[in-house]
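Here the structure comes first, spelled out in structure tokens, and everything after it is commentary.
Scope of the values below: all heavy atoms of this structure, side chains included, with no hydrogens, waters or symmetry mates.
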Amino acid sequence: MTKEDTKPDRSLVSPGDRLQARFRKNTSAEIIQRRVIESEIRSLAQTLEELEASGEVPRAAALILGARRRFIQGVGKSAAYAQLLTTDLSATLSNVFLIDGRALNELAVLSDVRPTDVLVVFSMRRYRAESHKLAKLFHESGGEVIVVTDSADAPLAQFSTCVIQVQTGSASYADSPTAAAAVCHLLSTLTTASAKGARRRLQVRDQISRDLDIYLPESESKPEQEVAQ
């Protein structure tokens with residue numbers, strides 16, 4: 001499996017172009033499903049193989065763990081990856097902040113960047129100008145930048161201390177999100193495994209969740225037929 005596998009996918013920049021090229025009107029749902037499943041398996045396998053060889057994820061985890069403040073940003077579709085990583089890291093680390101343009105915006109972050117700060121940016125084609133400007137200015141202000149992207153030649157790579165590359169090739173009109181989501185999971189797992197106090201923090205969160213009645217009791221969250229047995 002080589003990088004050649006994803007070249008045809010990257011030749012079509014627009015989702016509209018990809019839809020036009022890949023889906024014929026008479027193609028059955030079963031055929032489309034099979035193509036998408038096969039392409040997702042290839043993209044995920046290729047990403048994990050390359051990341052294991054590069055060592056970039058452990059390196060990024062060490063940067064996140066050693067930072068005083070951790071900022072995470074993604075725009076458009078990439079906002080979902082940023083939210084996912086923020087949620088997982090916040091469970092075991094303090095000072096994890098999502099730059100969402102509402103509760104926390106780029107201006108507030110860039111006004112007070114310190115050398116001990118790290119920024120994780122998710123940037124996939126078609127690369128958003130907002131993320132490019134944020135990473136550039138954060139880097140110029142002395143902070144560390146980690147970029148999760150779909151190409152080693154992505155615009156943000158030049159500002160980064162660490163580049164985590166994911167394969168997004170897909171048989172769909174949309175680039176695959178599978179490998180990016182897997183990287184969020186892998187990165188948060190490696191960071192948590194080395195974080196002091198992670199176990200205690202999770203236990204405290206569990207207790208507070210019970211005190212606030214955040215989740216349904218287990219008996220109520222199980223399917224009816226399972227409860228009846």
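Of all non-hydrogen atoms in His132 and Pro155, the two that sit nearest each other are CD2-CB, 3.5 Å. Scanning all heavy atoms of the two residues, the minimum distance from Ala157 to Ser160 falls at O-OG, 2.9 Å. When all heavy atoms of Ile146 and Ala60 are compared, the pair lying nearest together is CD1-O, 3.6 Å. Between Ser123 and Thr149 the shortest heavy-atom distance is O-OG1, 2.7 Å.
One N or O on the side chain of Arg70 and one on the backbone of Ser94 form a donor-acceptor pair closer than 3.5 Å. Judged by distance alone, the side chain of Thr47 and the main-chain N or O of Gln167 form a donor-acceptor pair under 3.5 Å. Side chain of Arg59 to main chain of Thr161: a donor-acceptor pair is present (N/O by atom type, distance under 3.5 Å, no hydrogens or angles). Of the possible polar contacts, one joining the Ser39 side chain to the Val36 backbone as a donor-acceptor pair under 3.5 Å is found. Judged purely by atom type and a 3.5 angstrom limit, Ser43 uses its side chain to pair as donor or acceptor with the backbone of Gly169. The main-chain N or O of Met124 is never found under 3.5 Å from a side-chain atom of Asp150 such that the two would form a donor-acceptor pair. In this structure, Ser194 contributes its side chain and Thr191 its backbone to no donor-acceptor pair below 3.5 Å. Side-chain atoms of Ser54 come within 3.5 Å of backbone N or O of Leu51 as a donor-acceptor pair. Looking at Glu56, its side chain never comes within 3.5 Å of a backbone N or O of Ile164 through a donor-acceptor pair.
Between atom CG of residue Leu156 and atom NZ of residue Lys136 there is a gap of 11.5 Å, rounded to the nearest 0.5 Å. Rounding to the nearest 0.5 Å places CZ of Arg201 at 6.5 Å from CZ of Arg205. The CG atom of Leu85 lies 12.0 Å from the NE2 atom of His185; values are rounded to the nearest 0.5 Å. A distance of 11.5 Å separates CD1 of Ile99 from CG of Leu107, quoted to the nearest 0.5 Å. Of the inter-residue distances, the one linking Arg200 atom CZ with Leu202 atom CG reads 10.0 Å to the nearest 0.5 angstrom. Taking CD of Gln203 as the reference point, atom CD1 of Ile208 lies at 12.0 Å (rounded to 0.5 Å).
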Derivation of the side chain to side chain contact (heavy atoms under 4.5 Å, CB included) call for Asn95 and Arg68:
CA-CA 7 Å; Asn95 296 323; Arg68 294 292 298 274; 5.8 Å; no
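Looking only at side-chain heavy atoms (C-beta outward), Leu119 and Val113 stay at 4.5 Å or farther from each other. In this structure the side chain of Leu89 reaches within 4.5 angstrom of the side chain of Ile72, judged on heavy atoms. Side-chain contact check for Ser170 versus Glu40: some heavy-atom pair is nearer than 4.5 Å. Proximity of Gln207 to Val204: side-chain heavy atoms (C-beta onward) are nowhere separated by under 4.5 Å. Counting heavy atoms from C-beta outward, Phe97 and Arg69 have side chains that approach closer than 4.5 Å. Residues Glu106 and Val109 have side chains not in contact (no heavy-atom distance under 4.5 Å, counting atoms from C-beta outward).
Using bins of under 30°, 30° to 60° and over 60° for the plane-to-plane angle, the ring pair Phe159/His139 lands in the tilted bin. Between Tyr81 and Phe122, the ring planes are tilted. Angles from 30° to 60° get that label.
Within a 6.0 Å sphere centred on CD of Glu38, other residues, nucleotides and ligands contribute more than 12 heavy atoms. Counting heavy atoms of neighbouring residues, nucleotides and ligands inside a 6.0 Å radius, atom NZ of Lys77 exceeds 12 of them.
When hydrophobic clusters are built by joining Ile, Leu, Val, Met, Phe, Trp and Tyr residues whose side-chain heavy atoms come closer than 4.5 Å, directly or via intermediates, Val75 is not grouped with Val166. Linking ILVMFWY side-chain heavy atoms closer than 4.5 Å, directly or via other members, places Leu187 and Val163 in two distinct hydrophobic clusters. The cluster map of Ile, Leu, Val, Met, Phe, Trp and Tyr, joined by side-chain heavy atoms under 4.5 Å apart, puts Val118 and Leu93 in the same cluster. In the hydrophobic cluster analysis, where Ile, Leu, Val, Met, Phe, Trp and Tyr join through side-chain heavy atoms closer than 4.5 angstrom, Val147 is grouped apart from Tyr127. Two different hydrophobic clusters hold Leu104 and Leu84 under the rule that ILVMFWY side chains link at heavy-atom gaps under 4.5 Å.
Donor-acceptor pairing under 3.5 Å is recorded for the side chains of Ser131 and Gln73.
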